[in-house]
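Just so we're on the same page: letters track the sequence lines, and every chain starts at 1.
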Number of protein chains: 2
Amino acid sequence: MPTPLPRDPIADAQRNWERHGWGDVAAPMAAITAIMRTQQILLSRIEEVLKPLGLTFARYEMLALLGFARTGALPMSKASALLQVHPTSVTNAVDRLEAAGFVTRTPHPTDGRTTLIELTDSGRAVAEKATAALNSEVFGRSGFTGSDVEDLIRILGEFRREAGDFA
Amino acid sequence: MPTPLPRDPIADAQRNWERHGWGDVAAPMAAITAIMRTQQILLSRIEEVLKPLGLTFARYEMLALLGFARTGALPMSKASALLQVHPTSVTNAVDRLEAAGFVTRTPHPTDGRTTLIELTDSGRAVAEKATAALNSEVFGRSGFTGSDVEDLIRILGEFRREAGDFA
DNA sequence: TCAAATTCCTAGGAAGTCCAACTATATTTC
DNA sequence: GAAATATAGTTGGACTTCCTAGGAATTTGA
């Protein structure tokens, strides 16, 4: 954990933007930069909690998604769509989860193009452990107040809808 | 741009969390996941704008920081602290900017440990072009309303302070 | 004054992102 | 029914992140 800076670097950047005549967009710039930095902090906390379980956030999300699937299995293309990552990111995550014994790949019974990812017993167990750890260490002490969380859900939900994430 | 999903996957995940008895942390989980996804969308937009200039966001931030420095130069350790990235990330970015002719590395006049990064004329020119493009294509059409931006700055500023980013 | 501790930066590596291109399979169109 | 088009997933690669470890230089403390 590095030493706190004496001043907020993003507030400083916002002032620099204003000073250079870009006042109109200084506040959105600061908001966007703050989102970048907040994501970085949260990801770091999440990875720290998952590391002892041999997981990363990308791998954990895959396991969690499979855990909620009724059959414990999904086509890789479906996982890509729901996790909103590129198919090659799914290939990467599944390669490592398969190597760790947490998932298996099986061919689709009727569609030769499609590979199903299926949770194994040890995958299900580690996903449950990871969820418990994240619930208590990260989500349960998020650093946001109740009304902050509501605001974030509202603001970022509308943003994601406008960005075409969902109908 | 993939096809919009029929429903918000993060709202679905929140309902799954509630259904599994983790209702207390479902909303913070959704807010955090929304931050992750929003960052991904914004980063993708930024990279798309910067790509024609031969820049990435990491490289651009370095150039912008140098642009605001009074002398157009900074020690690498200072850049690491202000950009809030690991020193090895600064090494990586500076390697590429140096190869592109946008910065130069010079030894510190009095401290043998320290390397100064200095903006070149072409680095300054590309940074100005990039800032103009980001201002009009990303920050000027951020996808957030004015009051959203204020809320984000407030909420994420407090979060970053509590996380120890600044005093 | 010198040893210990700290700072600065790099190298090698792991991880995950997406891009471009490819192969295999399925669907659509004529 | 065959060609064209679309879908699914992979491969190789570029990029950026941080981790660990190490070397060089500076600062600190006894």
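- Salt-bridge check for Arg154(B) with Asp151(B): passed, with a basic side-chain N closer than 4.0 Å to an acidic carboxylate O.
- Comment: Lys51(A) does not engage Glu48(A) in a salt bridge, judged by the lack of any side-chain N to carboxylate O separation of less than 4.0 angstrom.
- Heavy atoms of Arg96(A) sit under 4.0 angstrom from primed sugar atoms or phosphate atoms, though from no base atom.
- Judged purely by atom type and a 3.5 angstrom limit, Thr120(B) uses its side chain to pair as donor or acceptor with the backbone of Gly101(B).
- Mapped onto DNA chain C by nearest heavy atom, Asp111(A) and Glu61(A) fall at different nucleotides, with Glu61(A) at the one closer to the 5' end.
- A donor-acceptor contact under 3.5 Å is not formed by the side chain of Ser80(B) with the base of dC9(C).
- In this structure, Ser77(B) does not reach the dT7(C) phosphate: none of its side-chain N or O atoms is under 4.0 Å from OP1 or OP2.
- Contact check, Ser89(A) against dC18(C): a side-chain N or O comes under 4.0 Å of OP1 or OP2.
- The phosphate of dC18(C) (OP1 or OP2) has no side-chain N or O of Thr88(A) nearer than 4.0 angstrom.
- His20(B) contributes no side-chain N or O that, together with a main-chain N or O of Trp22(B), makes up a donor-acceptor pair within less than 3.5 Å.
- Here His86(A) reaches the OP1 or OP2 of dC19(C): one of its side-chain N or O atoms lies under 4.0 Å away.
- Within residues 113-120 of chain A, the residues that have a heavy atom under 4.0 Å from DNA chain D are, in order of number, Arg113(A), Thr114(A), Thr115(A).
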